[in-house]
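Here the structure is laid out as structure tokens; the discussion comes afterwards.
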Amino acid sequence: MPRKSMKKKRLIRVFLQGLILLLLLELSLRIIFYQQVGREKLAVIETAKNIRRRMNAPDLENVYQHFLLARPDSGNTVNRQIAQESFESNHFEYAPWTEYKNIDYVGKYINTHGLIRATMPDRVSGAHTTAEQTIYFFGGSTMYGVNIADRETIASAFVDLYRDIFPKGVAIKVVNYGLSAHYSYNELMLLTHLIYSGQHPNITIMFDGLNDFLIPTASLRRLPYYYYRLRQASHDHINFKELESINDSTQTLFDDPPGYSIDLLVDTLVNSYLSNMEQIRKLASVNDFSPFFFIQPNPFYHYSNQDHDPICEKRPAPLVTKAYTILEKRAVDTGNCFFLGNMLLNEKGYPFIDRFHYSPGMCRKIAKELVMVVGKKINNMQ
């Protein structure tokens with residue numbers, strides 16, 4: 001038999017053996033994934049992605065070391081407990097009108113119920129008879145307070161600082177409606193739902209900027225970060241086959257939508273953000289409350305120590321940077337809007353506790369900026 005023919009037969013035999021092994025592996029893995037909701041049609045691909053996710057999982061010891069840097073006044077035991085509660089509570093479930101919410105969670109340091117993250121303390125008694133002012137806080141994960149305790153959030157720091165700065169001020173009550181991955185349109189919908197459910201604030205604080213431009217497809221299409229899979233999973237009779245065939249919505253929303261140059265996309269997203277602010281102003285005018293808008297600091301804009309910060313995100317986000325350059329110029333013309341994007345300009349400490357979220361110390365600095373603006377309004381000082 002010619003040598004060329006023998007080599008061809010060997011290649012065919014190796015190919016067939018490999019194919020049979022692949023089919024056996026697929027059948028075996030299908031047994032493992034039979035009752036699991038997978039994203040892929042092939043169990044082999046699902047398994048490979050699971051292995052990759054596990055390999056890319058954060059190094060918990062490294063996370064704890066970052067916690068110790070950002071929270072030096074607490075020991076290793078406290079930091080580990082806060083980290084553990086953060087991991088346990090960082091799960092979501094479908095909720096009508098808002099599309100998703102944090103699961104209810106009761107811990108020593110982290111507590112959530114319904115749409116509310118606990119604030120400690122959550123109120124200040126007034127020095128005179130003026131009616132208590134209810135303040136709703138809205139924002140994404142930085143307002144919610146990922147990886148920090150209830151007492152360390154921006155909302156909690158606001159209450160502490162308000163008491164110190166306005167010791168004879170009007171009584172206030174604070175409610176933290178911050179929710180991971182929320183951006184301005186989510187908050188407009190949530191606020192509308194709350195108001196027309198009979199829950200009326202006196203003041204609203206919207207703390208945004210990063211998510212509106214970091215998750216461009218969500219912002220452009222006005223989709224919540226988590227939507228399809230949670231919505232399907234909430235049905236009384238879940239169509240598992242349909243659910244298995246749908247990719248997780250969170251993967252695609254970070255992508256730049258096709259057909260847009262970066263300049264056109266930035267302009268479109270900035271105008272959408274400002275439009276959402278304007279709709280909130282109209283809602284406030286009709287329902288008699290005062291809205292305040294704060295554009296948040298982030299590691300991608302005017303953070304001179306970004307490269308030397310061992311904790312924060314290092315990769316560039318040109319969409320965020322370009323959008324903030326525009327917003328810094330336009331914010332002063334939009335009424336009750338305050339640009340905090342330069343707060344990191346001279347920051348040399350540890351303003352972040354992880355890639356994007358603020359340390360307790362940074363939360364307090366931000367809260368002071370909010371108190372100085374909103375506290376004066378509440379007490380008729382401006």
Side-chain angles (χ1 to χ4, degrees), residues 67 70-71 74 78-79 81-124 133-162 172-184 186-191 193-195 197 199 201-211 224-226 230 292 294 296 352-354 356-367 370-371 374:
F67 279 23
R71 195 186 285 110
S74 300
V78 172
N79 277 293
Q81 182 63 38
I82 293 174
Q84 184 63 36
E85 291 188 16
S86 295
F87 300 145
E88 291 173 357
S89 62
N90 192 32
H91 297 280
F92 305 93
E93 60 188 11
Y94 177 75
W97 304 111
T98 61
E99 295 290 337
Y100 70 97
K101 71 175 189 67
N102 274 89
I103 60 170
D104 289 352
Y105 184 84
V106 177
K108 182 177 181 181
Y109 297 101
I110 296 175
N111 294 272
T112 59
H113 183 72
L115 294 166
I116 299 172
R117 170 74 188 269
T119 301
M120 299 177 62
D122 67 348
R123 63 198 333 136
V124 174
Q133 298 286 291
T134 300
I135 309 174
Y136 288 177
F137 283 70
F138 296 91
S141 52
T142 51
M143 177 56 71
Y144 166 82
V146 167
N147 286 332
I148 58 177
D150 296 337
R151 60 180 172 80
E152 297 172 326
T153 65
I154 293 171
S156 293
F158 182 97
V159 177
D160 273 339
L161 290 166
Y162 177 85
I172 64 168
K173 177 185 177 182
V174 163
V175 186
N176 185 357
Y177 283 108
L179 183 57
S180 291
H182 259 199
Y183 61 98
S184 58
N186 289 131
E187 293 153 29
L188 169 61
M189 293 295 100
L190 173 54
L191 176 58
H193 168 60
L194 292 171
I195 288 173
S197 298
Q199 302 175 63
N202 301 108
I203 302 280
T204 60
I205 292 177
M206 327 299 289
F207 185 75
D208 292 298
L210 183 59
N211 289 343
Y225 182 66
Y226 303 108
L230 279 178
F292 290 87
F294 294 89
Q296 66 184 113
F352 297 97
I353 201 161
D354 58 33
F356 304 111
H357 303 111
Y358 305 127
S359 65
M362 189 64 193
C363 285
R364 198 164 183 86
K365 291 179 181 179
I366 291 169
L370 273 55
V371 168
V374 179

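Start at 1 with the first residue, then count along the sequence.
The shortest distance between side-chain heavy atoms of I82 and N147 does not fall below 4.5 Å. For the pair V78 and Y109, the minimum side-chain heavy-atom distance is below 4.5 Å. With contacts defined as side-chain heavy-atom distances shorter than 4.5 Å, the pair D354/V146 qualifies. V174 has its side chain within reach of F158: a pair of non-hydrogen atoms, C-beta onward, lies under 4.5 Å apart. Residues L194 and W97 are not in side-chain contact: their nearest non-hydrogen atoms beyond the backbone lie 4.5 Å or more apart. Side-chain atoms of T204 and F137, non-hydrogen and from C-beta on, never get closer than 4.5 Å to each other. Residues T142 and L210 fail the side-chain proximity criterion, which asks for heavy atoms closer than 4.5 Å. The shortest distance between side-chain heavy atoms of P121 and D160 falls below 4.5 Å.
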Going through the distances and angles, do K101 and E93 end up as a salt bridge (charged side-chain N to carboxylate O under 4.0 Å, His left out)? CA-CA 6 Å; K101 71 175 189 67; E93 60 188 11; 2.7 Å; yes

Criterion side chain to side chain contact (heavy atoms under 4.5 Å, CB included) on T153 and Y144, from CA distance to verdict: CA-CA 7 Å; T153 65; Y144 166 82; over 6 Å; no

Let me see the working for F207 and H182 under ring-ring contact (aromatic ring centres under 6.0 Å, His included), right down to the final yes or no. CA-CA 10 Å; F207 185 75; H182 259 199; over 10 Å; no

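Side chain of N102 to main chain of N90: no donor-acceptor pair is present (N/O by atom type, distance under 3.5 Å, no hydrogens or angles). Distance alone, capped at 3.5 Å, places no donor-acceptor pair between the N111 side chain and the D150 backbone. In this structure a side-chain-to-backbone donor-acceptor pair under 3.5 Å is present from E85 to K108.
Just one of T119, I154, T112 meets the side-chain contact (heavy atoms from CB on, under 4.5 Å) condition when paired with N176; it is T119.
Inspection of the Y105 and E88 side chains reveals an N or O donor paired with an N or O acceptor under 3.5 Å. H357 and S141 are linked by a side-chain donor-acceptor pair at a separation below 3.5 angstrom, with hydrogens and angles left out of the test. For the residue pair Q296 / Y358, a side-chain donor-acceptor distance below 3.5 Å is found, with atom types taken as modelled.
The minimum heavy-atom distance linking P201 with I195 is given by the pair CD-CG1, 4.3 Å. The two residues P224 and Y183 make their nearest non-hydrogen contact at N-OH, 4.4 Å. Here the closest non-hydrogen pair linking F92 and S180 is CZ-CB, 3.7 Å. Taking both residues in full, the closest heavy atoms of D208 and G140 are given as OD1-N, 4.5 Å, listed atom of the first, atom of the second, then distance. Closest non-hydrogen pair, M206 versus E187, comes out as CE-CB, 3.7 Å. Nearest heavy-atom pair across A70 and I353 is CB-CG1, 3.8 Å.
Atom CD1 of I116 and atom CG of L179 lie 12.0 Å apart (nearest 0.5 Å). We find the CG-CZ distance between L115 and F138 to be 9.5 Å, quoted to the nearest 0.5 Å. Rounding to the nearest 0.5 Å gives a distance of 11.0 Å between CZ of R151 and CD1 of I110. In this structure, CZ in R117 is found 7.0 Å from OG in S89, a value given to the nearest 0.5 Å. The structure places CG of L190 at 6.5 Å from OG1 of T98, a figure rounded to the nearest 0.5 Å.
Atom CE of M120 sits in a sparse spot, with 12 or fewer heavy atoms from other residues, nucleotides or ligands closer than 6.0 Å.
With sequence neighbours excluded, the residues that form a ring-ring contact (aromatic ring centres under 6.0 Å, His included) with Y136 are Y177.
One finds no salt bridge joining E152 and R364 here, because no Lys/Arg side-chain nitrogen approaches an Asp/Glu carboxylate oxygen to under 4.0 Å. Taking a cutoff of 4.0 Å between a charged side-chain nitrogen and a carboxylate oxygen, D122 and K173 do not qualify as a salt bridge.
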